[in-house]
Structures are given as C-alpha cells and as structure tokens.
Asker: 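I am attaching a structure below and will ask some questions about it afterwards.
Remember, it's a predicted structure, so these values are computed and weren't measured experimentally.
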There are 2 protein chains.
Amino acid sequence: MTTSNHFKDNAASADTSELTRLDNQLCFAFYSVSNALTRMYGPVLAPLELTYPQYLVMLVLWERAPRGMGELSSQLGMDFGTLSPLVKRLEKSGRVTRTRDPEDERRVIVGLTKAGEALREQAAGIPLEMSCQIGLPQDEIVAVRDAVKRFLGAISQEQR
Amino acid sequence: MTTSNHFKDNAASADTSELTRLDNQLCFAFYSVSNALTRMYGPVLAPLELTYPQYLVMLVLWERAPRGMGELSSQLGMDFGTLSPLVKRLEKSGRVTRTRDPEDERRVIVGLTKAGEALREQAAGIPLEMSCQIGLPQDEIVAVRDAVKRFLGAISQEQR
DNA sequence: ATATATTATATTGTAAGCGATTAAATCGCG
DNA sequence: CGCGATTTAATCGCTTACAATATAATATAT
C-alpha cells in the first residue's frame, strides 16, 4: 500500500504542470552542476595530467589499492565501456598497473605505481583549492552534500 | 575584507582532511547523480528517438522558439562544440530547422518543425513518469532542487 | 568429463563534452 | 571608406558515456 503512493502524492496533490517544471528543473540543475564541476576541475587537474573522471578513479585507488575493475566500476557507477579505456590511459601514462588475478584469470587487478602514489601528494591541495573557488561555507556544503546523497540513495535503488 | 574569507573559514575551522573528504564526496555525488539520471532518461526517451541532452534542447525550444544558437548555449550551459553537432542531428531527424538570420548572417536561428512541435505532446508524460521512478515526495524534491540550485548559483559565478 | 550457463572484462558504434583553432560576418575607429 | 578587432558559429582532436555485442575464464549441470 505504500509502494507506489508517491505516485498518487505527486500526481494528485499539485497540478501536473507544476510537477513538470519542478522535475525538469531538478534534472537540469544536476546536469548543469555536473558539467560546471568538470569545467572547474579541468584547469586545476591539468598540471597533474588528469581529467576529472581519471581523478575520481585515482581518489578511489588512493583510498585502497589494488582493486578489481568490477569494484571500481560499482564504486564509481562507471560502465566498463567507460572504465576500461580510462584505466588503460592511466596505465599508459604510468600511474596504474593492470594485472590479471592468477586465482581467476577473468579478473583484472588495478594497482598504483610509484608515480601513481606520488601523485597523491601533488593532488593533496586540490580539494581545498576547489572549495575556495566554490566559496560556500562548510555548513552549506554539508547541507548540499546530504541532500544530494539522499537523492542518490533514492534513485540508485531503482537502478538495482 | 569579505572577498576571500570563506577561505579562512574553510581552511581554519576544521582540519583539512575532513574538508577533503567532504569535497570529494560532494563532487562524486554530483557526478554519480548526473550520470544516473541520464541512464534513467535513456529508455524513457528512446521511443521519441531523443537523447537526454537533445531532450533538454527541445524543452527550451518548446518554451520559446525560434532561438539563436548563442541563446541556447547560454541557457543550457552547453559549449558550441557540443551544441552545434547536437542541433544538426535534430535537424537531420526533422525536428528542428536551422536558418541564418538575414539581419546578421553570423547568427543561426533554430526553429521547430511540425514534427518538433508534435513531439511535445508525445513528451508530455515524461516528467511524471520520471518523478514516479525517482519516487520521492514532492517536498523532498523541492528541498533537493533548492539546495542544488544554490550550489549552481555559487559555482556559476566563478566561471568567467 | 563435456556441454551449458554465468561472470568479468573488452570492444564497437554513436553521442556528448570541451579546449583550441578556424572562418565568416559585423563593428568601430581612424 | 578601409582595416583591425570582435562576435558568432563550426570544426577538430581527444576523452567520456553507454548500449550492444563479443570473448575468455570459471562455475554448474547433466
């Protein structure tokens, strides 16, 4: 009885055109922010010769390495079709190693090279630099993060 | 004196590692949500033979057409390098017309065809369908939208 | 043990997305 | 008027992004 009540809530309580505007605004806002963030990170990451998605992969690896491709994929919500060539580029530029798991030759283990480890220190100042560019007080950032995370939780249930 | 105080606020009040985690979480969350939304829209838009960015362009045009490329670009925060081929694809599939402004031959005016107008009715149910898939009550959606819009406002000031 | 199914990753094709460059039209100043 | 500066859009090169398909290794069933 609760399963699809939000339908009724959404559909019945306000007129549909209002809902339409609201939803479009929300999705569009996410689209805009995501692209804007990528553009903001670009110049900051350029000295490290990383793109923004590559930086995200490195962040995950700096937290714990080595990891399997599948782990990276689910952690980042990245498709293999995206992740595969991305990791290969990181390998070609010497930040990452790709080795088959001897236990299970299907699996690919992604590890950090010395250069990949070293990059971590070079990247250490980036979050502060970005947060200064964004220029919002910390409590506001926390509020946004929590709202976005709640939303992410809601929609990633549907994806399964 | 107020210009870069957020720097001090951010840097001094909490330890840097906390800020780092927070910022990374936030950027990662936006990245994930945006991609997840695109994936959710995909199957819903497929019957209309539209991609999500194409749908965004059509939404803007349905609101008011014709419009210049520059107007579309700034409204959507899309680069010309993205918008140019996208609009050409919409033209090729017969939803949109591209004509030079006779007053100023540099400008390209994008208008709707009959098919483009007609698509509007076909697309009318999409926001409701999506909001049901998302499955959050309306007040929560409003809260997320406002948080994301505040954030967008903060970061789009920095651009340029 | 062999055939079949499943799993993990890679590849391909199409469409964004963006920085850098280019080209054409218009503007503005001498 | 003429000519350099600006504006508007297109193009190119490279990197995501993702669905669909392919491939190889392991697991399961018979």
Asker: Whole Å only: how far is the CG atom of Leu45(B) from the P atom of dA16(C)?
Answerer: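 So the CG-P distance, Leu45(B) to dA16(C), works out to 11 Å.
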Asker: In whole Å, I'd like the distance from the CE atom of Met69(A) to the P atom of dA25(D).
Answerer: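 To the nearest whole Å, that distance equals 17 Å.
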Asker: Give one of base, sugar-phosphate or nothing for Glu71(B), where a contact means two heavy atoms less than 4.0 Å apart.
Answerer: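 Touches nothing.
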Asker: Taking only side-chain N and O atoms of Lys88(A), does any of them lie within less than 4.0 angstrom of OP1 or OP2 on dT9(C)?
Answerer: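 For dT9(C), OP1/OP2 do not have a side-chain N/O of Lys88(A) under 4.0 Å.
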Asker: Using a 4.0 Å heavy-atom cut-off across all strands, classify Leu86(A) as base, sugar-phosphate, or nothing.
Answerer: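 Result for Leu86(A) = sugar-phosphate.
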Asker: Given dA9(D), dA25(D), dA16(C), identify the nucleotide with an atom nearest to the side chain of Arg89(B).
Answerer: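 My answer, after comparing the listed nucleotides, is dA16(C).
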Asker: Just compare dT9(C), dG19(C), dA9(D) and give me whichever is closest to any side-chain atom of Arg39(A).
Answerer: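 Selected nucleotide (nearest to the side chain): dG19(C).
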Asker: Considering every strand and a 4.0 Å limit on heavy-atom distances, what is the contact class for Gly70(B): base, sugar-phosphate, or nothing?
Answerer: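 Touches sugar-phosphate only.
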Asker: Is there a side-chain contact between Val87(B) and Val108(B), using heavy atoms and a 4.5 Å cut-off?
Answerer: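 No. Closest side-chain heavy atoms not under 4.5 Å.
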Asker: Would you say a side-chain N or O of Arg100(A) is under 4.0 Å from OP1 or OP2 of dT9(C)?
Answerer: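 No, Arg100(A) has no side-chain N/O under 4.0 Å of OP1/OP2 on dT9(C).
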Asker: What's the CD-C1' distance between Glu49(B) and dA19(D), to the nearest Å?
Answerer: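 Spelled out: CD on Glu49(B) to C1' on dA19(D) is 16 Å.
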Asker: Rounded to whole Å, please give me the gap between CG in Leu76(A) and C1' in dA17(D).
Answerer: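 From Leu76(A) CG to dA17(D) C1': 13 Å.
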Asker: More 5' along DNA chain D: Thr38(A) or Glu103(A), using each one's nearest nucleotide?
Answerer: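 It is Thr38(A), whose closest nucleotide lies nearer the 5' terminus.
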Asker: Taking 4.0 angstrom as the limit, do Glu71(B) and Arg64(B) come out as a salt bridge?
Answerer: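 Yes.
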Asker: Roughly, in whole Å, what's the span from CG in Leu50(B) to P in dA15(C)?
Answerer: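 From Leu50(B) CG to dA15(C) P: 12 Å.
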Asker: Ser84(B) has a side chain; which of dT15(D), dA10(D), dA17(D) sits nearest to it?
Answerer: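 Among the listed nucleotides, the one closest to the side chain of Ser84(B) is dA10(D).
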Asker: Can you see if the side chain of Arg98(A) gets near the phosphate of dA10(C) - specifically, an N or O under 4.0 Å from OP1 or OP2?
Answerer: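 For dA10(C), OP1/OP2 do have a side-chain N/O of Arg98(A) under 4.0 Å.
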Asker: Phosphate oxygens OP1/OP2 of dA16(C): is one of them under 4.0 Å from a side-chain N or O of Thr51(B)?
Answerer: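 Yes, such a contact exists.
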Asker: Just the rounded figure in Å: distance from C1' of dA16(C) to CG of Leu90(B).
Answerer: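 Atom CG in Leu90(B) sits about 13 Å away from atom C1' in dA16(C).
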Asker: Mark yes or no for whether Arg145(A), through its side chain, and Leu26(B), through its backbone, hold a donor-acceptor pair below 3.5 Å.
Answerer: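 Looks like no, no N/O pair under 3.5 Å.
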Asker: Judged by each residue's nearest nucleotide on DNA chain C, which is more toward the 5′ side, Pro102(B) or Arg107(A)?
Answerer: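 Final value for this comparison: Arg107(A).
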Asker: Keeping Thr113(B) on the side-chain end and Arg95(B) on the backbone end, is there a donor-acceptor pair under 3.5 Å?
Answerer: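 Present.
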Asker: Please give, in whole Å, the distance from dA9(D) C1' to Arg67(B) CZ?
Answerer: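 Taking atom C1' of dA9(D) as the reference, CZ of Arg67(B) is at 18 Å.
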Asker: So does Arg100(A) get a backbone contact from the side chain of Arg107(A), meaning a donor-acceptor N/O pair under 3.5 Å?
Answerer: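 Not a single qualifying donor-acceptor pair exists.
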Asker: State whether Thr82(B) places a side-chain N or O below 4.0 Å from either non-bridging phosphate oxygen (OP1 or OP2) of dG17(C).
Answerer: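 For dG17(C), neither OP1 nor OP2 has a side-chain N or O of Thr82(B) closer than 4.0 Å.
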Asker: Once hydrogens and angles are ignored, does a donor-acceptor distance under 3.5 Å link the base of dT7(D) to the side chain of Arg106(B)?
Answerer: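 Counting by modelled atom types and ignoring angles, a donor-acceptor contact under 3.5 Å is found here.
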Asker: Tell me the interatomic distance from Asp101(A), atom CG, to dA10(C), atom P, rounded to whole angstroms.
Answerer: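 Nearest whole value for this atom pair: 13 Å.
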Asker: Select from Asp104(B) and Ser34(B) the residue whose nearest nucleotide in DNA chain D is closer to the 5' end of that strand.
Answerer: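 Nearest nucleotide further toward 5': that of Asp104(B).
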Asker: Is Tyr41(B) touching bases, backbone alone, or none of the nucleic acid, heavy atoms closer than 4.0 Å?
Answerer: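 No contact at all - Tyr41(B) keeps every heavy atom at 4.0 Å or more from the nucleic acid.
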Asker: State which of dA15(C), dA25(D), dA25(C) makes the closest approach to the side chain of Glu105(B).
Answerer: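 Of dA15(C), dA25(D), dA25(C), dA25(C) is nearest to the side chain of Glu105(B).
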Asker: Tell me which nucleotide among dA10(C), dA17(D), dT16(D) gets nearest to the side chain of Tyr31(B).
Answerer: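 For Tyr31(B), the side-chain atoms sit closest to dA17(D).
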Asker: From the set dC18(D), dT8(D), dT16(D), return the single nucleotide nearest to any side-chain atom of Asp79(A).
Answerer: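 So the nucleotide nearest the side chain must be dC18(D).
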Asker: Between Arg106(B) (side chain) and Asp101(B) (backbone), is there a donor-acceptor pair under 3.5 Å?
Answerer: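 The answer is no, because no donor-acceptor pair under 3.5 Å joins these two groups.
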Asker: Taking the side chain of Asn35(B) as heavy atoms from C-beta outward, which of dT15(D), dT9(C), dC18(D) is closest to it?
Answerer: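 For Asn35(B), the side-chain atoms sit closest to dC18(D).
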Asker: Using heavy atoms to find the nearest nucleotide of DNA chain C for Pro85(A) and Pro43(A) separately, return the residue whose nucleotide is more 5′.
Answerer: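 Nearest-nucleotide comparison on DNA chain C picks Pro85(A).
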Asker: Nearest to the side chain of Val108(A), heavy atoms from C-beta on, is which of dT9(C), dA10(D), dA16(C)?
Answerer: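 When the side chain of Val108(A) is considered, dT9(C) is the closest of dT9(C), dA10(D), dA16(C).
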Asker: Tell me if the CD atom of Glu63(A) is crowded by more than 12 foreign heavy atoms within 6.0 Å.
Answerer: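 Check fails, neighbour count at 12 or below.
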